[in-house]
Each structure stands twice: as structure tokens, then as C-alpha cells.
Amino acid sequence: MSAKRPFSTFASLGGRASLARANCSILRSRFPVACVSRGTTFNFVENSLWRSGLQQPLLGPLVRYHASKAEGGEGLSRTPLHDLHLAHGAKMVPFGGYEMPVQYNDLSLAESHNWTREKASLFDVSHMVQQRIGGTGAEAFLSKITPASLATLSPHQSTLSALLHPGTGGIVDDTIITRLGPETSSPWSSIDSDSFYVVTNAGCREKDRDFFMKALSEWNQEHADQVTHYVLHRQGLIALQGPLAAEILAERLEEPGVHKLDDILFGQSRFLRLRLASGQLSSPILASRGGYTGEDGFEISITPAETPSIVETLLESAGKDRLRLAGLGARDSLRLEAGMCLYGHDLDDSTTPVEAGLSWIVGQDRRSHGGFNGDEVILKQIVPKSKGGSGVSRRRVGLIVDGAPAREGAKIVDQEGKEIGQVTSGCPSPTLKANIAMGYIKDGYHKAGTKVQVVVRGKPRAAGITKMPFIPSKYWKGGASPA
Amino acid sequence: MRASSSFLGAANPSRPSYRTAQAAKRLSQPPLQRSFASSRPFEIKKYTEDHEWIELPDSGNTGTIGVSKYAADALGDVVYVELPTVGLEVGAGDTIGAVESVKSASDIMTPVSGVVTEANSLLEEKPATINKSPEDQGWIARIQIENTEELESLMSEEEYQKFTDEVKADDEAGH
């Protein structure tokens with residue numbers, strides 16, 4: 001589970017020139033016009049739209065666009081946790097059309113990062129787009145627009161995948177797809193026989209909507225097995241991450257117990273009810289084991305109304321010695337150490353899963369017959385040139401850079417100074433105390449151990465190609481207790 | 001100091017209108033700091049809008065440059081400092097180095113023209129000195145200043161304090 005990319009909105013704002021006079025950058029939070037212009041006021045309604053009867057299809061006459069108190073200044077939206085962030089000393093920045101916390105005043109970025117690796121952090125990721133795709137044609141439809149093996153995906157099992165452009169196989173967005181079961185309890189009950197819970201990036205909201213609208217209308221015209229698509233407006237999504245995440249969550253279960261969550265393995269999900277601080281039980285929340293940090297943890301989908309009370313309950317119950325709020329800043333360095341991509345930086349419309357080092361998201365049962373967007377390009381790329389395929393001319397790799405940290409846009413050159421690639425994400429790693437980066441490099445230079453150089457501020461710096469993740473992942477796969 | 005690379009940087013466009021207004025305000029007011037072009041009986045410390053400081057002793061014209069405490073706090077944990085080469089000739093506004101933290105890379109610019117005479121090599125070993133002692137042991141470079149009049153347009157300690165207070169207030173209002 002690794003599809004959560006906060007920073008896509010800024011993809012077009014990179015580069016030194018556009019940042020001139022933006023020294024205040026580090027010093028102040030501002031809401032740039034560029035983000036506002038994204039027209040991010042998607043329709044918000046206070047109710048969870050999973051409630052029968054209140055469902056608003058993405059398509060069709062029921063879609064209403066209206067302003068609500070969920071909208072902040074300058075056209076930016078707010079998550080259900082906005083007030084809670086401010087009360088906890090968050091520094092808010094525009095991200096993906098939302099006002100999001102980048103950092104809280106109790107910990108520095110590196111401290112927050114380390115806290116997540118050693119204890120547990122709670123991230124608000126409600127800006128991400130949560131949706132349900134259902135109907136008798138849902139599996140076939142999703143199998144057309146992604147390379148995932150959905151036929152073998154059991155209920156409450158998730159997979160990382162990518163929405164693909166027809167023809168080119170370029171990545172529209174990366175996504176996590178979970179097959180839902182026959183849920184009966186409100187608000188998760190479904191009128192559809194089969195349905196999937198799909199989470200996509202906030203920064204790709206409009207692009208994904210257009211992509212889905214086109215793909216859905218084509219599908220429904222051509223197929224008797226129809227597909228419905230609902231966006232869960234305002235639905236809360238939080239990520240509880242770190243070695244103490246499971247014990248913190250288990251303590252608030254209806255029937256608490258340290259090992260009560262041991263049978264939810266990485267990539268699996270379950271509906272849980274939590275005991276709120278008020279003593280009441282919450283409605284069912286969907287907890288999926290995984291995240292975007294490389295740590296054990298859960299991503300939890302909650303109705304808008306209950307999101308603040310559940311977060312407050314977890315913070316109070318765990319206490320400040322175990323659990324802290326963490327923002328987008330720590331999330332970025334954590335995901336980079338975990339070798340995970342950030343859409344708009346490490347992935348884009350022109351990149352195929354094979355180039356991105358994500359061939360593994362092309363399911364084994366999809367490799368012989370294809371049948372997904374871009375299959376002709378992608379299936380050829382999977383096979384190296386030496387074995388009769390087309391291979392790829394560039395690949396995503398990990399780098400460790402000596403001296404200065406390499407950031408997005410830095411050129412990768414060979415020992416003679418010839419350009420062979422570009423860095424797409426980079427930062428000093430708080431865990432490794434080394435400068436880590438990922439980028440795209442010419443095929444042939446991609447093997448671990450290859451010595452290259454990265455140009456930072458005009459000077460070439462020694463660098464080496466490194467396997468990712470940069471630090472071992474700690475996903476819960478059963479066995480001894482995670483805590 | 002200017003962010004050359006940072007997701008916060010990307011999120012924070014400059015506010016020319018605000019900055020211009022600040023500059024105009026300063027110009028319209030009689031300078032708080034007396035002119036020191038001809039004689040400088042006191043040690044002088046000035047600040048830039050980009051959060052560098054420059055200090056000049058009461059005799060001689062070699063200035064010491066660093067980043068302000070306000071900037072060091074905002075940067076967070078500094079992990080790498082790029083220092084200028086001794087002997088480098090620079091013009092006012094030129095980049096003479098960079099400070100890197102987990103969140104961003106920020107250029108350091110010299111507010112005056114001259115020649116770099118010394119760089120603080122302590123920062124190569126202990127970059128976090130910038131966080132611990134930004135306006136003393138965390139100095140970045142010494143520059144032999146061509147024309148000390150270039151310092152006159154910069155902010156005094158009081159003016160800089162006011163400037164950062166306004167930035168902070170504005171920031172909070174932005175929420």
C-alpha cells in the first residue's frame with residue numbers, strides 16, 4: 001500500500017526560477033495562486049455519501065457544486081480535521097487543493113520523522129480522493145484501466161495499482177484498490193453486488209475525474225454489465241503509522257486486546273468499531289493495514305462527522321509519549337526512505353509502470369493476455385531487449401549522493417559529465433544520515449553499485465545507484481507480535 | 001537566504017506587494033541607523049529581507065555574514081552547508097553558499113560586493129552550529145567589503161525585528 005502522494009500539486013511549480021523571492025518559503029506559509037487556480041472546489045456535502053439514498057454518482061444530474069463551510073480561504077478546501085490541526089499548532093500549506101498541515105510546532109521535521117520510525121504518528125490524509133466503484137461490470141472495468149490482477153483479489157484485500165492511459169500505458173495516477181465484501185452496516189452498505197474502494201491522489205483530482213468520466217461512459221455504452229462510480233465527499237482518511245500503531249488502535253477496539261489486530265496482515269482491511277473517549281462506540285471504520293511510510297500501520301476511512309472524535313480519542317488514549325500528529329513534511333521524507341513514488345514528481349503521464357520500476361503491479365495473470373490500457377507497450381517493455389522485448393530506455397533508481405543533498409531536477413551525469421538522467425525526489429535521510437534521492441536514469445546505468453555523479457549548484461557530486469527501499473520496510477506479515 | 005528548492009518553497013510565492021510596501025515604508029522614514037560611511041565608531045550589524053545578517057567591526061571593512069536566528073529556526077535541522085571559496089569576488093545579491101535542511105535548500109546571498117576572505121569551516125563538520133548559534137559561531141563567510149555604503153539600505157536590528165514580527169503576524173492572519 002503506497003499510493004499516497006501529497007505533493008503533486010507542486011509539480012508544475014518546481015525549478016529555481018519560479019521560486020525566486022520565495023525565501024519566505026521556509027519561513028511562512030502562503031497559499032499560492034497556482035494552487036487556487038486548480039479549481040479544487042469539488043462538491044462537498046456533509047453526509048457520507050456511502051449512506052444509501054445519499055449517494056451522489058460522479059456522473060449525472062445529481063452532481064451538485066456548492067460552497068460549504070468545508071471551504072477555506074482562496075478556494076482551498078478543508079478536511080474534517082482542520083480545526084484540530086490549528087488547535088495542535090499546525091503550520092498549514094496549500095496542497096492538492098486543500099489546506100493541509102505540513103508540520104506541527106511540537107516537533108521539527110526530522111524529529112517527527114524519527115518519531116514515526118520509533119513510536120507512532122497520525123497523519124491526516126483526508127485530501128485524498130476516496131471513491132467506490134461498483135456494479136456487475138466493476139471488476140472488468142477496473143481490469144481495463146489498470147494492470148491489476150483483480151480476479152484473484154479477495155474481499156478486504158488491497159493492491160497498489162495505476163490508472164493507465166490507453167495506447168501509451170502512461171500513468172494517469174497511482175492508486176490503492178481494495179475489494180469490498182458484502183457489507184451491510186451503514187454507511188458502508190452497498191447496493192452493488194461487487195464493489196471496490198479506490199483511493200487516488202488529491203493533486204490529480206480533476207484529471208482523474210475526467211479520466212473516469214470518459215472511461216465510464218465508454219464502458220457503460222458498450223457493456224451490459226454496468227459500472228457505478230461514487231466519490232466519498234468529505235470522508236475522513238487518517239494514517240496511523242509506526243511500530244506502536246497496532247497497539248494504540250487495538251486498545252480502542254470494542255473488545256480491546258493487544259493481539260486483536262494480528263490477523264489483519266499488510267494489504268488487508270477490516271471494518272472496526274472503536275470505543276470513543278465519550279464511551280460510545282463509533283460506527284464502522286474501514287482500517288487497511290499499510291501506509292506510505294514503510295512502517296507497520298493503518299489507513300483508516302471514517303465518516304466526516306466522526307473523524308475529529310476518533311482522532312481525539314486516539315491522541316488522548318495513546319498519550320503524547322506514544323502518538324503525535326505528523327504532517328506532509330515528515331510524510332515526504334518517510335515515503336522517500338521507503339522508496340515510494342510521489343505522483344507528479346516520480347511518476348507522471350509519460351511514465352509507464354515498467355520505467356517506474358513498478359512492473360510488479362502488472363499481475364502475473366495479466367501478462368499473457370493483456371486486456372488493459374497500454375498493454376501492448378507495457379508487456380513488450382517488461383521483456384528485456386536481449387530476450388526479444390523492447391525493454392525500456394530509462395528506469396527509476398535510488399541514489400545516495402555524497403556531500404550536498406540532491407533535490408528534484410538535479411541532473412545525473414556519468415563520470416565524464418555526460419547527462420544520463422534526472423533526480424525526481426531527494427532529501428537528506430533523517431534515518432540514514434545520508435542524502436537519498438530517486439530519479440530516472442538511462443538504461444544500463446541502473447544497476448545497484450553503479451557510480452555516477454549528481455550536479456548540485458553547478459558542481460558534480462559523487463553518487464551511487466542504490467537498491468530501494470533505502471531502509472527495510474516493516475510491514476506486518478504475521479508471526480511474532482508487531483509491537 | 002532564498003529557498004532554491006523546497007516543497008514549502010513551492011507553496012510560498014513571494015509577495016511583491018507586501019515587500020514593496022515594506023521597502024517603501026523604510027524609504028519614507030528617516031533611517032533609524034545613522035550613516036556610517038565616513039567613520040564607524042561602533043560595531044554595526046545589519047539584516048536583509050532574505051534573512052542574512054552582516055556585521056562590521058568598528059575598524060576595518062571586513063564584514064561577517066550569516067543567517068538570522070529567525071531563518072535558522074524556520075529552516076529546522078541544518079544538515080549541510082555549502083561554503084564559498086576564499087578569494088571569490090562577489091557582487092551584492094550574488095549567491096555565496098547554501099544551507100540545506102531536511103525540508104529545503106536555501107541560497108545564501110551576500111548583501112555587499114567584495115572578496116571572500118574566509119569561510120567558516122566549522123560548518124563543514126558541524127552544520128547544526130547554524131541552528132545552535134546562527135548569529136555567532138554559525139557565521140558563514142567573511143568578506144572584504146568594497147563599498148560600505150552598500151550596508152546603508154539594509155535593516156537595523158530593530159527594523160529587522162519589526163519585519164519578522166510583521167511576517168509572523170501576517171502568517172497567522174493567513175490561517
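Quick note on labels: first sequence line is chain A, next is B, and so on, each numbered from 1. These numbers come from a predicted model, not from an experiment. Keep in mind that the numbers below use all heavy atoms, side chains included, and drop hydrogens, waters and symmetry copies.
Cation-pi geometry between B:R142 and B:W139 is satisfied (NZ or CZ under 6.0 Å from the ring centre, within 45° of the ring normal). Relative to the ring axis of B:W53, B:K46 does not place its NZ or CZ within 45° and under 6.0 Å from the centre.
With a 4.5 Å cut-off on non-hydrogen atoms, A:K433 does not touch chain B at all. If you measure heavy-atom distances from A:P430 to chain B, the contacts under 4.5 Å come from the side chain alone.
Comparing B:D77, B:T164, B:D73, B:V81 by heavy-atom pairs within less than 4.5 Å of chain A, the highest count is held by B:D77.
A:S126 and A:D124 share a side-chain donor-acceptor pair at under 3.5 Å.
Atom CD of A:E419 sits in a crowded spot, with more than 12 heavy atoms from other residues, nucleotides or ligands closer than 6.0 Å.
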